[in-house]
Number of protein chains: 4
Amino acid sequence: MFAAQGYRATTVRKIADAAGMLAGSLYYHFDSKESMLDEILATFLDELRSRYDAVLAAGLGPRETIEALVTESFREIDRHRAAVAIYQKESPHLRTQPRFGYLTASQRKFEKAWLGTLERGVAAKVFRADLDIRLTYRFVRDTVWVAASWYRPGGQHGPEEIARQYLSTVLEGIAVRD
Amino acid sequence: MFAAQGYRATTVRKIADAAGMLAGSLYYHFDSKESMLDEILATFLDELRSRYDAVLAAGLGPRETIEALVTESFREIDRHRAAVAIYQKESPHLRTQPRFGYLTASQRKFEKAWLGTLERGVAAKVFRADLDIRLTYRFVRDTVWVAASWYRPGGQHGPEEIARQYLSTVLEGIAVRD
Amino acid sequence: MFAAQGYRATTVRKIADAAGMLAGSLYYHFDSKESMLDEILATFLDELRSRYDAVLAAGLGPRETIEALVTESFREIDRHRAAVAIYQKESPHLRTQPRFGYLTASQRKFEKAWLGTLERGVAAKVFRADLDIRLTYRFVRDTVWVAASWYRPGGQHGPEEIARQYLSTVLEGIAVRD
Amino acid sequence: MFAAQGYRATTVRKIADAAGMLAGSLYYHFDSKESMLDEILATFLDELRSRYDAVLAAGLGPRETIEALVTESFREIDRHRAAVAIYQKESPHLRTQPRFGYLTASQRKFEKAWLGTLERGVAAKVFRADLDIRLTYRFVRDTVWVAASWYRPGGQHGPEEIARQYLSTVLEGIAVRD
DNA sequence: CATGAATGAGATTTCATTCAT
DNA sequence: AATGAATGAAATCTCATTCAT
């Protein structure tokens, strides 16, 4: 519900209705609406971190690492679409609250993983040297995550197929080669 | 403020504080909070539509049309970053309200422009034939707009430079060619 | 907990926490929060009444009766500090509820004991004739009971010593005699 | 209402009803229920402090200073009975909250005024040397303030008369002199 | 004798909006 | 064009209590 309507627009009453209980009863399980959000985001980021760590620990080349990171990201969207969408929509302003400081911490960690891999690729002459690394990172990151806003699990394309198409675009370009 | 904190989270009082007046005084200028949002979005979409129309009317080739659309989009972000961010964040659920039905109408128009150009490019063998057109459209559209969330006017890169970098990525790919 | 934080501010959950059980479990032992309060107050007043009765039955002179009543009161504070504090803090508004009507009944009984003794003392020329008996009663009663708010059992002075000091103050005055 | 029914038992709805407005309207004037309590207590303590300061600055002898402090206290009860009653009832547990830390600060200041005067009196042989100063201070302080629980402005005795009677009791004692 | 999960009433607070001045 | 004081609906949260297990 947070993903579909936004955190603020989702009332605890609506959540309780959907859960088949009264609004007050939710407070037996969570001590605030914010705690629900927190649990969703923290769980998501924890899982994502461990997936990324596994990829980085595999010792792949830069191109293969990018491919694996992209694929894992689309898989994460497939598994926890709502969490990703919430993260996308709410994290920019949540970040300013102390309670959600870990959002910034996570983001920095992920940024390092992506940037490092791109740099490694440029050094190994696997990626073009004339591109702004930081800008490329942002394009790649955004395109991957923003997919959470339209991706529907069980739809026409699975996460691996979407990752393949996306990687093809970003690695080879959409222009026909001379 | 809508862009930074979200429409729901931005109270009329906060807006009034920032405007140096009391909450009630805003109602002399707008008849509701929703009207402010409406004015922001409608103005933005009007302007964007006319820019896109100008591009499409210029009779360019498919690749040049894509380049022009992307460049105009980044320019729009440069001019009205907040409006774009609001559009990105709020339009999915605003769309369901009759008052904001024009969001869907606009989106359809834009979609047609992008899809049509991509198709034209494939037919003209300017773009690769093995791409999922619809998926490619989504990738391109989202990456362009989501830039509103990190772009800062007056920063290191102007909109044209960002467009150039982005187009280079998406057209040629980031992989080094053999 | 009722004494420290007030009856209203003490939640059933806090009581249960302190008792090492869950809130619902308390209801095996008491049928309501109010019952706990009731038991505390009724027990306290019962005991106090029997102590006062014993003093009054002893047939002492007015001065000795006052001394004994004061001493018994401080002893009661020593034994049941919390109950006295609760009585002080909550009885004024509890009194209005039918269930706690016995608070008024008790108070009247105690008042009669004190007033009667003071009057007897004035008649016997043991106490000054120029005093407002009712005002004196209130001063004495309040000062004794309010001691529950600062008295700590096991502190520097025991209840008998405090009673002695207080009686010296109220009987002889604090001014040096010429 | 806080004085009569206790802070917790007084709902904002009841306050609003008494004020002839809706509950939400109170929040135009106060930002929380706690703020109302805060304003009552802070105002009361401020005024009391300035009255006590005036007495102490007058350079009276110890007995006259005690007489003046007692009289000012009863006058304060006469003027702001409710504030005094709230202070009596709520300050012990409010003190633990940072926001109400000034309660402890005030109390220490007042304590110093009373204790200092009593010590001065003992040194000047105006007050008996055989009494525990600290205990005497508590008796005097409590008796004065607890009067707020039964005093009714406009009743039989004005504040000066009550102060006179009380001072007679505590200075000369209630026992007839031999 | 205690738990775990609820209920339901009501508490405080928020907030867009109104309106006389 | 703005203020100051409300309204009223609804939001989040609290809490005594219930009850099957």
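- Comparing atom distances between the Leu22(C) side chain and each of dT12(E), dT7(E), dG4(E) picks out dG4(E) as nearest.
- For the pair Lys89(A) (side chain) and Lys89(B) (backbone), a donor-acceptor distance under 3.5 Å is absent.
- Taking 4.5 Å as the limit, some side-chain heavy atom of Met36(C) sits within range of a side-chain heavy atom of Leu26(C).
- Residue Ser35(A) is out of contact with every strand shown, counting any heavy-atom pair closer than 4.0 Å.
- Between Tyr87(A) and the options Ile40(A), Leu94(A), Leu41(A), a side chain to side chain contact (heavy atoms under 4.5 Å, CB included) holds for only Leu41(A).
- Rounded to an integer number of Å, the gap from OH of Tyr27(C) to P of dT3(E) is 15 Å.
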(message) Wobble G-U and Watson-Crick pairs count when both distances are under 3.5 Å; given that, what is the 5' to 3' dot-bracket string of DNA chain E, with | for pairing to other strands?
(response) .||||||||||||||||||||
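- Side-chain contact of Tyr102(A) with Asp46(A): a donor-acceptor pair under 3.5 Å is absent, judged by distance alone.
- Mapping Gly24(A) and Thr10(B) onto DNA chain E by nearest heavy atom places Gly24(A) closer to the 5' end of the strand.
- Phosphate proximity of dA2(E) to His29(C): present, with a side-chain N or O under 4.0 Å from OP1 or OP2.
- Position along DNA chain F of the nearest nucleotide to Lys14(A) versus Arg8(D) favours Lys14(A) as the more 5'-ward residue.
- Heavy-atom distances to DNA chain F give each of Ala23(D) and Thr11(C) a nearest nucleotide, and the one nearer the 5′ end belongs to Ala23(D).
- The environment of Arg108(A) atom CZ is sparse: at most 12 non-hydrogen atoms of other residues, nucleotides or ligands sit within 6.0 angstrom.
- Counting heavy atoms from C-beta on, the side chains of Arg81(D) and Pro153(D) come closer than 4.5 Å.
- A side-chain donor-acceptor contact under 3.5 Å links Arg99(A) and Ser35(A).
- Proximity of a side-chain donor or acceptor of Ser25(C) to a complementary backbone N or O of Met21(C) within less than 3.5 Å is not detected.
- If you take CG of Asp17(C) and P of dA2(E), they are 14 Å apart, rounded to a whole angstrom.
- Taking every nucleotide of DNA chain F with any atom under 4.0 Å from a non-hydrogen atom of chain D, the first and last of them, 5' to 3', are dG4(F) to dC15(F).
- Here Tyr28(C) does not reach the OP1 or OP2 of dA2(E): none of its side-chain N or O atoms lies under 4.0 Å away.
- Between Ser25(C) and dC1(E) there is no side-chain polar atom (N or O) within less than 4.0 angstrom of OP1 or OP2.
- At whole-Å resolution of the value, CZ in Arg13(A) and C1' in dG8(E) are 12 Å apart.
- When each of Lys33(D) and Leu26(A) is assigned the nucleotide of DNA chain E bearing its nearest heavy atom, the one mapping closer to the 5' terminus is Leu26(A).
- In this structure, Trp150(B) and Asp142(A) have side chains that are in contact, with non-hydrogen atoms separated by less than 4.5 Å.
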